[in-house]
Amino acid sequence: MDVSKKILKNRIYCRRMIMYWKARQFGLTHPKTVECSQMLDNLLNRYQKFDQHVS
């Protein structure tokens with residue numbers, strides 16, 4: 001696996017854990033949770049594009 005792909009995968013994992021924590025602390029619809037979810041979406045989209053370019 002490419003190093004940049006591993007880094008991106010690690011960032012996705014970390015952002016997901018942060019989002020879970022915020023959701024438990026503030027609730028699912030709180031702006032902090034939503035913002036974190038959007039950041040996670042962005043990372044997931046980048047990961048998917050990375051896979052499409054490699055294939």
Can you give each donor-acceptor pair under 3.5 Å made by side-chain atoms of residues 22-33, sequence neighbours left out, with the distance rounded to 0.1 Å?
unit_1, atom_1, unit_2, atom_2, d
His30, ND1, Lys32, N, 3.0
Thr33, OG1, Lys22, O, 3.4
Thr33, OG1, Gly27, O, 2.9

TODO: Taking side chain to side chain donor-acceptor pair (under 3.5 Å) as the test, write out the residues that go with Ser4, two or more places apart.
DONE: Asp2

Open item on the list: Is there a path of hydrophobic side-chain contacts, each under 4.5 Å between heavy atoms, that joins Ile18 and Leu8?
Closed with: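 No, Ile18 does not connect to Leu8 through the hydrophobic network.
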
Just list the side-chain donor-acceptor pairs under 3.5 Å for residues 36-45, sequence neighbours left out, or say none.
unit_1, atom_1, unit_2, atom_2, d
Asn45, ND2, Asp41, O, 3.3

Open item on the list: Just to verify, what does Tyr13 make a side-chain contact (heavy atoms from CB on, under 4.5 Å) with, not counting sequence neighbours?
Closed with: Met17

